[in-house]
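First the structure, in the form of structure tokens, and then the observations on it.
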Amino acid sequence: MWGYGMMLAVIATVLPSFMLSAGMKRIGANNAAIVTSVGPVSTILQAHFFLGEAIFAEQLIGTALVIVGVLLIGWRGGKKEAEVEVTEGGKVEAG
């Protein structure tokens with residue numbers, strides 16, 4: 001019985017924390033935050049397809065808000081990176 005609890009603690013809590021930290025080192029904190037914001041949406045879809053749970057209107061609204069938020073952050077982040085590229089490089093490159 002204790003073995004299952006320890007496995008759950010390591011697999012569901014400790015391991016994801018280390019993986020998130022490694023991901024932040026590779027892709028940066030901003031991109032890692034965007035990726036992790038999709039987690040609840042993924043949980044809803046997995047619960048529906050693997051466990052047969054119903055999806056409610058509130059969940060769909062929340063999912064839409066998360067996706068719009070991720071798109072807005074990604075769009076604004078890309079725009080800021082382009083501005084930094086112009087000011088630091090001194091010239092505008094196509095691309």
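For V66, the side chain to side chain contact (heavy atoms under 4.5 Å, CB included) partners at least two apart in sequence or on another chain are V41, V70. A search for side chain to side chain donor-acceptor pair (under 3.5 Å) contacts involving E53 returns nothing, not counting sequence neighbours. Partners of T13 by side chain to side chain donor-acceptor pair (under 3.5 Å), not counting sequence neighbours: none found.
Both I34 and L45 are assigned to one and the same hydrophobic cluster, defined by single-linkage of ILVMFWY side chains at heavy-atom distances under 4.5 Å. F49 is connected to V38 through a chain of hydrophobic side-chain contacts under 4.5 Å among Ile, Leu, Val, Met, Phe, Trp and Tyr, so both are in one cluster.
With rounding to the nearest 0.5 Å, the separation of OG1 in T63 from CD1 in I44 is 4.0 Å. How far CG of L72 is from CD1 of I67: 12.0 Å, rounded to the nearest 0.5 Å.
Using a 4.5 Å cut-off between side-chain heavy atoms of Ile, Leu, Val, Met, Phe, Trp and Tyr, M24 falls into a hydrophobic cluster with L20. M6 belongs to no multi-residue hydrophobic cluster, having no ILVMFWY side-chain contact under 4.5 Å with any other such residue. Cluster partners of L65, by chain and number: I61. The rule joins Ile, Leu, Val, Met, Phe, Trp and Tyr whenever side-chain heavy atoms lie under 4.5 Å apart. Hydrophobic cluster membership for F50: none, as no Ile, Leu, Val, Met, Phe, Trp or Tyr side chain comes under 4.5 Å of it.
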Can you list the steps and then say if F56 with L60 is a side-chain contact (heavy atoms from CB on, under 4.5 Å)?
-> CA-CA 7 Å; F56 299 104; L60 292 175; over 6 Å; no

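For residues 41-52, the side chain to side chain donor-acceptor pair (under 3.5 Å) pairs, not counting sequence neighbours, are S42-Q46.
Between L8 and Y4 the shortest side-chain heavy-atom distance does not fall below 4.5 Å.
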